[in-house]
2 protein chains.
Amino acid sequence: MPQIDTINRRIVLAARPRGLPTTQDFRLEQAPVPEPADGQVLLRTLYLSLDPYMRNLMEEGGTSYAPAVPLGEPMVGGTVSRVVASRHPGFHPGELVLGNTGWQDHALSDGSDLTPLAETAQPSLALGGLGMPGFTAYVGLLDIGQPRPGDTVVVAAATGAVGAVVGQIARLKGARVVGIAGGAEKCRYAVDELGFDACLDHRAPALGERLAAACPDGIDVYFENVGGAVFDAVLPLLNIGARVPVCGVIAHYNDQQPPPGPDRRPQLMTTVLQKRIRLQGFVILDHYGERFEAFRRDMQAWLDAGQLKLREDRVDGLENAAEAFIGLLEGRNFGKLVVRVADA
Amino acid sequence: MPQIDTINRRIVLAARPRGLPTTQDFRLEQAPVPEPADGQVLLRTLYLSLDPYMRNLMEEGGTSYAPAVPLGEPMVGGTVSRVVASRHPGFHPGELVLGNTGWQDHALSDGSDLTPLAETAQPSLALGGLGMPGFTAYVGLLDIGQPRPGDTVVVAAATGAVGAVVGQIARLKGARVVGIAGGAEKCRYAVDELGFDACLDHRAPALGERLAAACPDGIDVYFENVGGAVFDAVLPLLNIGARVPVCGVIAHYNDQQPPPGPDRRPQLMTTVLQKRIRLQGFVILDHYGERFEAFRRDMQAWLDAGQLKLREDRVDGLENAAEAFIGLLEGRNFGKLVVRVADA
């Protein structure tokens with residue numbers, strides 16, 4: 001059981017970033033730990049998830065699926081927490097819960113956004129492979145990508161929280177998997193540890209040529225996490241009838257304005273037409289009702305059977321969250337990025 | 001019964017066009033009418049279909065679904081013909097057939113690409129609403145667009161061979177239909193005759209603002225025939241979960257190089273992601289096996305019940321085909337463009 005602190009540290013949005021965020025866009029504040037009112041629980045954050053979508057919530061206007069973080073308010077984020085005090089009949093002190101309490105040591109909740117978690121050796125998996133990123137990989141790949149045995153599946157950010165799961169599930173479904181990742185070490189890991197058939201370093205020259213060589217039968221499914229130069233390399237290799245689940249375009253999250261020309265939108269539309277491509281965006285929040293139980297069951301079975309590996313990139317200390325998040329946007333993480341905020 | 005001519009006129013591809021084709025890119029040639037060999041039929045073309053896809057087959061390399069027309073060879077195209085002579089047991093002189101015999105007065109066939117047609121008052125409908133363009137509208141709208149009652153469906157080239165059918169089927173399925181067409185006369189026709197809820201002239205200023213006003217609940221289905229400035233107007237209005245069947249991008253068929261920047265491909269991908277849009281290209285050749293009978297049955301029923309109207313833009317004389325085709329690419333046709341090559 002954690003001790004009950006009196007000071008709550010929280011990281012608030014200090015400024016709306018222009019381009020890549022800097023540490024100046026965040027501010028560490030201290031306030032008294034709040035007292036739960038009737039019907040509330042007080043939570044102590046153990047793990048905070050850092051994910052690319054948070055960049056979009058720093059923008060004025062936010063996204064179509066979540067509002068912007070107001071200036072001066074704590075950054076949002078998924079969390080694994082322990083109940084410290086409870087005036088809610090459904091929760092008891094000491095319990096472990098999954099929530100969305102953001103970048104802070106403590107938070108109050110009325111319980112409506114909390115999911116009880118079993119005590120496990122690695123509760124932070126509920127923020128990774130067993131949680132939102134894993135579910136994103138599962139739905140995007142299986143429901144939109146629909147890989148068939150023998151298909152070639154390409155996934156970028158191949159050792160990231162989503163990409164690593166996409167590639168491993170695709171392998172389990174009988175597809176040939178080619179990853180794209182930043183650096184030789186990540187690529188080795190994708191092949192040697194995750195079992196990808198190949199993995200290409202997008203920082204080395206001539207990605208287009210190397211991808212063509214690695215995909216002699218073209219590409220049937222491209223799981224889009226990235227955009228930019230990786231999509232440039234993928235587009236000419238897409239096969240007739242290819243499926244492109246669009247999960248993220250992290251290369252563009254920091255764009256302040258559209259890149260210079262030429263305008264390649266017409267070329268994309270022409271390719272979509274001629275190759276009969278299905279390009280489909282999805283936001284995982286839409287899918288929890290219908291598919292989450294199937295995902296949990298399948299994922300747990302794959303983990304239990306040793307058929308799927310999850311790698312965590314763990315940063316210690318809430319005070320290091322901003323720096324770690326900036327690194328995530330630059331591709332410096334290696335595995336699912338979580339911040340250990342307090343000991344379990 | 002037509003007389004048996006001795007001269008076969010045919011229009012061949014004389015040069016690969018740069019941008020919009022000119023009449024110099026075509027050449028009218030004369031040759032003796034060929035003699036059918038054993039197992040062949042000799043056909044007299046009655047109607048020739050002119051369709052936008054033909055522009056793509058004039059390019060070196062052709063498309064993913066059909067090879068380029070070789071220089072010096074007749075332009076390809078769907079035709080309604082009468083059997084003049086037959087050395088094939090399945091066909092008899094005088095029979096009416098649907099084929100793909102191209103821009104010429106006569107052609108030989110081994111019968112494998114011919115479909116017998118019943119004698120009707122307007123056999124050329126087999127090239128329009130009851131044929132490829134109608135089937136294109138049916139599959140693209142119903143299978144990819146999936147309109148629900150109350151949805152807003154937008155279709156460009158709204159009085160064209162495909163667009164007019166898309167809009168009318170969408171109305172029959174309970175959607176609100178907004179057309180986009182070139183000129184006030186076409187727009188009046190779409191509303192007054194085809195029953196569209198609204199139709200906007202893309203040649204008048206401020207299309208974006210007018211489309212927003214005509215679609216107060218946003219756009220759920222956009223049937224893409226056009227690209228270019230029309231897609232610019234549509235994109236910001238697409239609703240979450242919108243479906244975009246990509247049937248054609250006629251605005252870009254004459255592009256010699258990508259248009260100047262900025263590059264709007266990233267913006268499109270971001271919109272696809274945030275709005276969870278399904279953008280899907282299709283080529284109707286892929287769908288004949290599975291869906292053609294359902295289409296024929298539904299379309300005939302709608303026509304018989306007076307629930308759907310088909311307008312033909314008929315040009316007389318094979319010698320006028322090139323000029324008419326160029327006009328099609330410029331939007332000068334009004335309805336399904338066919339050339340009457342010979343009297344029925």
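Convention: sequence-line order gives letters A, B, ...; per-chain numbering from 1. Computed from a predicted model, the values in this text were never measured in an experiment.
- Between A/Asp51 and A/Lys336 a salt bridge is recorded (basic side-chain N to carboxylate O distance below 4.0 Å).
- If you tally non-hydrogen atom pairs under 4.5 Å between each of B/Leu273, B/Asp263, B/Thr271 and chain A, the highest count goes to B/Asp263.
- Interface remark: of the candidates A/Thr270, A/Asp286, A/Asp255, A/Asp286 forms the most heavy-atom pairs closer than 4.5 Å to chain B.
- Under the 6.0 Å cut-off for aromatic ring centres, B/Phe135 and B/Tyr288 qualify, their centroids lying closer than that.
- Ranking A/Lys275, A/Met269, A/His252 against chain B, the residue ahead of the rest is A/Met269, based on heavy-atom pairs under 4.5 Å.
- Looking at every heavy atom in both residues, B/Pro133 comes nearest to B/Val162 through O-CG2, 3.7 Å.
- The side-chain heavy atoms of B/Leu328 and B/Arg55, taken from C-beta on, include no pair separated by under 4.5 Å.
- Heavy-atom pairs under 4.5 Å with chain A peak, among B/Gln257, B/Arg265, B/Gln280, at B/Arg265.
- With hydrogens and angles ignored, the 3.5 Å screen pairs a side-chain donor or acceptor of B/Arg276 with a backbone N or O of B/Gln274.
- Salt bridge absent: B/Arg176 and B/Asp217 never bring a charged side-chain N and a carboxylate O closer than 4.0 Å.
- Residues A/Arg16 and A/Asp25 are not paired through a salt bridge, judged by the lack of any N-O separation under 4.0 Å between the basic side chain and the carboxylate.
- Residues of residues 220-230 of chain A lying under 4.5 angstrom from chain B, judged on non-hydrogen atoms, are A/Glu224, A/Gly228 in numerical order.
- Only the side chain of B/Ile240 comes within contact range of chain A, with heavy atoms under 4.5 Å apart.
- Heavy atoms closer than 4.5 Å to chain A are found nowhere in B/Asn239, neither backbone nor side chain.
- We find that A/Arg243 and A/Asp151 are joined by a salt bridge, their nearest charged nitrogen and carboxylate oxygen being less than 4.0 Å apart.
- Contacts of B/Pro259 with chain A are made by both backbone and side-chain atoms, with heavy-atom separations under 4.5 Å.
- The neighbour count for B/Glu290 CD, taken as heavy atoms of other residues, nucleotides or ligands under 6.0 Å away, is above 12.
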